[in-house]
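For reference, the structure discussed in these notes is given below.
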Amino acid sequence: MRCVRAPPGTGAGHRGRIRHRVHLGVGVEGVPLADFCEPPPPGGAETMAPQGSRAPLEFGGPLGAAALMLLLPATMFHLLLVARSGPARLLGLPPHLPAPEALWSPGALLLWLTWLGLQAAFYLLPAHKMAEGQELKDKSRLRYPINGFQALVLTALLVGLGVSAGLPLGMLTEMLLPLAWVATLTAFIFSLLLYLKALMAPASALAPGGNSGNPVYDFFLGRELNPRFGSFDCKYFCELRPGLIGWVLINLALLVQEAELLGSPSLAMWLVNGFQLLYVGDALWHEEAVLTTMDITHDGFGFMLAFGDLAWVPFTYSLQAQFLLYHPQPLELPTASVICLVNAVGYYIFRGANSQKNTFRKNPSDPRVAGLETISTATGKQLLVSGWWGMVRHPNYLGDLIMALAWSLPCGVSHLLPYFYLLYFTALLVHREARDEQQCLQKYGLAWHEYCRRVPYRIVPYIY
Ligand SMILES: NC(=O)C1=CN([C@@H]2O[C@H](COP(=O)(O)OP(=O)(O)OC[C@H]3O[C@@H](n4cnc5c(N)ncnc54)[C@H](OP(=O)(O)O)[C@@H]3O)[C@@H](O)[C@H]2O)C=CC1
Ligand SMILES: CC(C)CCC[C@@H](C)[C@H]1CC=C2C3=C(CC[C@@]21C)[C@@]1(C)CC[C@H](O)C(C)(C)[C@@H]1CC3
């Protein structure tokens, strides 16, 4: 194993020194360190968090957060409405705005609350394993139940039983608008409760980002890192259960409805359902890996994640299947085979990269990763510079994007609407990658600089 050691004093816990060195130091290979360190935010002190915290504001600060809180739900409803409209134009106006009674239904509220309750009950069932999260500011580690896949299987059994007893699953497709509405309301109310709960939390429990002192910004980003009621972890629960499992359930309902309308589900609908079920099943099978994502380790739990997890994921990520129900697309077997290949390549890269990093983070001496080249950092952690992580700095994003393409292709090329996910996801991952780079630069200083030199491309080799 070949290692390059970065000079000491450049890693986590030395943030102030790194910033100071920006003006003084020269990085490795004679490149000024300033080129690689976080530039001062535009507007200087106004855009920095007050109260001594140096976390720069993200997402355009309070104005950006306020705009996103309006724009995201509006986009979600726009997509739900245009998917069922004849022209299905992503950029056009929906044919009509829904009447209030199309949005509000006590039945939808009851169904939604039952769904959340059911998933919470599955979460509380005994787990085959309890995993430890990353070390927190106070040096403690939280414990998390690993029973997400079990929740998926139990949900499938329950739905299977219901359908064989005559439950009209296809009817769910008629309730998407009111369900999306109650999910959005729940996200707002839940985020408000979390914001208030955080007022009583100790400083060590707060997230690095969402504590600027501006209520709009903090409400959006989330103040507390891991809000819990007893052992029930709200963010971990929401990230993987009601939204992700809800997404595949909505897809299934759309498939059933299509079968009722056309006699059998279309090949395109099968592919979209199969690909996305694989993605969700994979996420729950590898549930423990979510504990190292920036959502869990860095971001607070506020409106962004509450809305993202509970409303955005199930109602927007099922867009391709929604589109197909109202706009059936012919798909020949040879084309379907090529699309399956594209999804398989994406999944291979996504899973390979994520598993390689997780294995390495758990145990760098594991024989599967022990032969890989690494860079040592002043924090004691190492960075992989060969294998998947030597190809680009975010190979997992590349695989995810290839899969996103495969999910849209069964919908044909006559409409832009089913490609919304690919467009949104590209923007999300480019922004996320930039956020992660900033965090890694703060954690690893010169070692990260060296990694960027050795692996110059971010997501797509030779392109970006
Ligand atoms: N479908 C969706 O809507 C979304 C899906 N995703 C997917 O979620 C998954 C997780 O993404 P995300 O949490 O953003 O980030 P990553 O899983 O890419 O994790 C980034 C972290 O990995 C570590 N790391 C970076 N480079 C190296 C290296 N060379 N060697 C070892 N460790 C390294 C660093 O943390 P440290 O060093 O501290 O371990 C860094 O902060 C991805 O597959 C992504 O595609 C993400 C967002 C949305
Ligand atoms: C709507 C806003 C602009 C942003 C909301 C973002 C969220 C929807 C996503 C943030 C990170 C996510 C992850 C997954 C789903 C989407 C959100 C919540 C993930 C659970 C999907 C499945 C993957 O295998 C994963 C790696 C477990 C993902 C983790 C991040």
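Numbers for residues simply follow the sequence, beginning at 1. Remember, predicted model here, so these are calculated numbers, not experimental data. Numbering of ligands and ligand atoms starts at 1, following listing order. What's counted below: heavy atoms across the whole structure, side chains too, no hydrogens, waters or symmetry copies.
When hydrogens are left out, the protein atom nearest atom 12 (C) of ligand 2 is E239 OE2, 3.8 Å; that is the closest non-hydrogen contact. If you check which protein heavy atom lies closest to atom 2 (C) of ligand 2, you get L72 CD1, 4.0 Å. Atom 7 (C) of ligand 2 has as its closest protein heavy atom G308 CA, 4.4 Å. L428 CD1, 4.2 Å is the protein heavy atom nearest to atom 6 (C) of ligand 2.
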Quick one: do D436 and K443 satisfy salt bridge (charged side-chain N to carboxylate O under 4.0 Å, His left out)? Show the steps, please. CA-CA 10 Å; D436 190 49; K443 275 188 281 190; 5.3 Å; no
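Within the 4.0 angstrom cut-off, atom 28 (C) of ligand 2 has no protein heavy-atom neighbours. Distance check on atom 9 (C) of ligand 2: every protein heavy atom falls at or beyond the 4.0 Å cut-off. The nearest protein heavy atom to atom 23 (C) of ligand 2 is closer than 4.0 Å.
Only side-chain heavy atoms of L240 come within less than 4.0 Å of ligand 2; its backbone N, CA, C and O stay farther off. Contacts with ligand 2 closer than 4.0 Å are made by no heavy atom of N354, backbone or side chain.
The pair E373-R454 meets the salt-bridge criterion, since a charged nitrogen lies less than 4.0 angstrom from a carboxylate oxygen.
Listed by chain and number, Y279, T293, M294, Y317, F350, N354, K357, R361, K381, L383, L384, W389, H394, N396, Y397, D400, Y421, F425, L428, R432, D436, C440, K443, Y444, W448, Y451 each place a non-hydrogen atom less than 4.0 angstrom from ligand 1.
Residues D218 and S212 bring a donor and an acceptor atom of their side chains to less than 3.5 Å of each other.
Ligand 2 is never approached by F307 to a heavy-atom distance shorter than 4.0 Å.
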